[in-house]
Amino acid sequence: MTASIQARRDRFHELHRSGCFVLPNAWDAGSARALQVLGFTAIASTSAGFAWSQGRPDNQVTREAVLAHLRDLVAATDLPVNADFEGGFADTPEGVAESVRMAVATGVAGLSIEDATGDAAQPLRTIDDAMARLRAARAAIDATGTRTLLVGRAENFIVGRPDLADAITRLRAYSEAGADCLYAPGIRTREQIEAVVAAVAPKPVNLLIGWPTDLTVADYAAMGVRRISVGGALARAAWGGFLRAARGLAEGGRFEAFAEAAPGGELNAMMGAVES
């Protein structure tokens with residue numbers, strides 16, 4: 001790759017200074033390369049998309065596997081890569097710091113730490129606990145001198161606790177703890193989005209769009225959103241095409257779904273368009 005790791009990190013910070021950009025989520029080296037060829041300026045990983053590619057459910061992949069995956073994504077393109085780093089793969093702030101140091105060493109330009117526990121009975125960490133973990137992540141990044149961008153995530157709307165006031169309280173706390181960018185996946189309405197943007201200003205907000213909508217990037221930019229990611233939606237779209245074609249074969253012995261398949265020549269050209 002021609003772009004140095006630090007140049008990508010510097011470019012990633014610049015993207016967050018003004019305007020609104022789309023941060024599509026790749027699940028393997030091929031999808032990462034395709035996204036670069038299509039003209040995107042940065043990409044993110046997706047914990048769900050990668051897990052499915054490994055034959056596992058989301059949040060059931062080891063730290064070692066995720067770190068290897070991040071190295072693959074960084075090597076596959078010249079683009080800055082933002083890591084969906086789940087909860088930091090540790091129960092303690094010290095463990096999160098260790099994991100973050102490992103993630104930074106893969107060459108990622110940014111990473112997110114979420115506040116979900118994985119426990120359905122108590123799905124969110126206390127704010128104090130979540131802040132301690134983010135402070136540990138911030139200190140670990142700062143010690144590397146890399147300027148890797150840190151994203152703080154409030155998972156209220158993902159884990160079945162759709163309390164906007166609590167999510168905003170959390171995001172403000174995570175900003176205070178050192179997050180460079182704030183993220184409440186699952187908010188959808190204009191009122192929710194504008195409230196989050198106003199609450200954490202001037203820091204940038206990431207918005208998840210993983211469902212069909214008539215709104216455009218320009219519409220979300222007008223609400224003050226700085227970056228838009230799609231989580232596992234592109235991976236799900238790919239799986240949707242695969243399952244339609246495979247079910248046609250399995251259930252009816254039919255091949256019509258292949259009409260929507262991407263031409264092999266086009267895919268070969270895309271994979272060869274990015275210098276290795």
Side-chain angles (χ1 to χ4, degrees), residues 23 25 27 44-52 54 56-63 65-66 82-93 95-96 99-100 103 110-137 150-179 181-197 199-200 203-213 225 227-236 239:
L23 184 71
N25 301 70
W27 61 92
S45 66
T46 157
S47 65
F50 175 58
W52 301 329
Q54 301 301 297
R56 304 188 68 84
D58 192 13
N59 302 121
Q60 297 297 315
V61 181
T62 66
R63 180 176 69 180
V66 169
N82 190 95
D84 176 349
F85 209 51
E86 303 181 39
F89 299 93
D91 292 327
T92 65
V96 170
S99 294
V100 166
L111 61 90
S112 60
I113 300 293
E114 59 193 51
D115 59 4
T117 64
D119 178 358
Q122 196 170 19
L124 293 170
R125 295 183 181 277
T126 67
I127 292 178
D128 286 345
D129 183 21
M131 287 183 72
R133 293 160 65 83
L134 275 169
R135 287 194 180 104
L150 178 62
V151 182
R153 292 177 48 146
E155 301 294 290
N156 300 65
F157 286 77
I158 296 296
V159 300
R161 298 291 190 273
D163 183 334
L164 181 63
D166 183 63
I168 285 174
T169 298
R170 288 172 176 273
L171 293 177
R172 284 175 168 159
Y174 302 163
S175 176
E176 180 185 335
C181 179
L182 289 311
Y183 184 14
I187 60 172
R188 295 195 181 200
T189 69
R190 179 182 296 273
E191 292 74 21
Q192 290 169 342
I193 295 165
E194 290 181 342
V196 166
V197 168
V200 302
K203 288 193 175 177
V205 167
N206 183 93
L207 179 66
L208 172 69
I209 302 293
W211 47 86
T213 174
V225 172
R227 75 182 208 188
I228 297 171
S229 59
V230 299
L234 285 173
R236 288 189 289 108
W239 275 102

Open item on the list: For E155 versus P185, what's the shortest heavy-atom pair and its separation?
Closed with: OE2-CG, 3.4 Å
Open item on the list: Contact between L150 and L111 at the side-chain level, heavy atoms closer than 4.5 Å - yes or no?
Closed with: yes
Open item on the list: Are the side chains of L182 and V196 in contact, using a 4.5 Å heavy-atom criterion?
Closed with: no
Task: A51 to P57 - nearest heavy-atom pair and separation - done: CB-O, 3.3 Å
Open item on the list: Just checking D91: does its CG atom have more than 12 heavy atoms from other residues, nucleotides or ligands closer to it than 6.0 angstrom?
Closed with: no
Open item on the list: Testing the basics here: between A137 and I113, what is the closest heavy-atom pair and its distance to 0.1 Å?
Closed with: CB-CG1, 4.3 Å
Task: Over all atoms of both residues, closest heavy-atom pair of I127 and A173 - done: CG2-CB, 3.8 Å
Open item on the list: Between R63 and G88 (side chain of the first, backbone of the second, donor and acceptor by atom type, cut-off under 3.5 Å), is there such a pair?
Closed with: no
Task: Contacts of F157 that satisfy ring-ring contact (aromatic ring centres under 6.0 Å, His included) - sequence neighbours left out - done: none
Open item on the list: Please check: side-chain N/O of D84 versus main-chain N/O of S45, any donor-acceptor pairing under 3.5 Å?
Closed with: no
Task: Close side-chain approach of R135 to E176, heavy-atom, < 4.5 Å - done: yes
- [ ] Check whether any side-chain heavy atom of L207 lies under 4.5 Å from a side-chain heavy atom of I193, and answer yes or no.
- [x] yes
Side chains of residues 163-172: which donor-acceptor partners sit under 3.5 Å, not counting sequence neighbours?
{"from": "D163", "atom 1": "OD1", "to": "A165", "atom 2": "N", "distance (Å)": "3.1"}
{"from": "D163", "atom 1": "OD1", "to": "D166", "atom 2": "N", "distance (Å)": "3.0"}
{"from": "D166", "atom 1": "OD2", "to": "N156", "atom 2": "ND2", "distance (Å)": "2.8"}
{"from": "D166", "atom 1": "OD2", "to": "R170", "atom 2": "NE", "distance (Å)": "2.8"}
{"from": "T169", "atom 1": "OG1", "to": "A165", "atom 2": "O", "distance (Å)": "3.0"}
{"from": "R170", "atom 1": "NH1", "to": "D115", "atom 2": "OD2", "distance (Å)": "3.2"}
{"from": "R170", "atom 1": "NH1", "to": "R125", "atom 2": "O", "distance (Å)": "3.0"}
{"from": "R170", "atom 1": "NH1", "to": "Y174", "atom 2": "OH", "distance (Å)": "3.1"}
{"from": "R170", "atom 1": "NH2", "to": "R125", "atom 2": "O", "distance (Å)": "2.9"}
{"from": "R172", "atom 1": "NE", "to": "A199", "atom 2": "O", "distance (Å)": "3.3"}

TODO: Return yes if some donor-acceptor pair links the side-chain N/O of Q122 with the main-chain N/O of D119 below 3.5 Å, else return no.
DONE: no
Task: Residues which pass side-chain contact (heavy atoms from CB on, under 4.5 Å) with P123, listed by chain and number, not counting sequence neighbours - done: V159, R161
Task: Side chain to side chain, P204 and R227, heavy atoms closer than 4.5 Å - done: no
Task: Nearest heavy atoms of E114 and G87, plus distance in Å - done: CG-N, 3.7 Å
Task: Any donor-acceptor N or O pair under 3.5 Å, side chains S47, D58 - done: yes
Open item on the list: Measuring only between side-chain heavy atoms, which start at C-beta, is N206 closer than 4.5 Å to N82?
Closed with: no
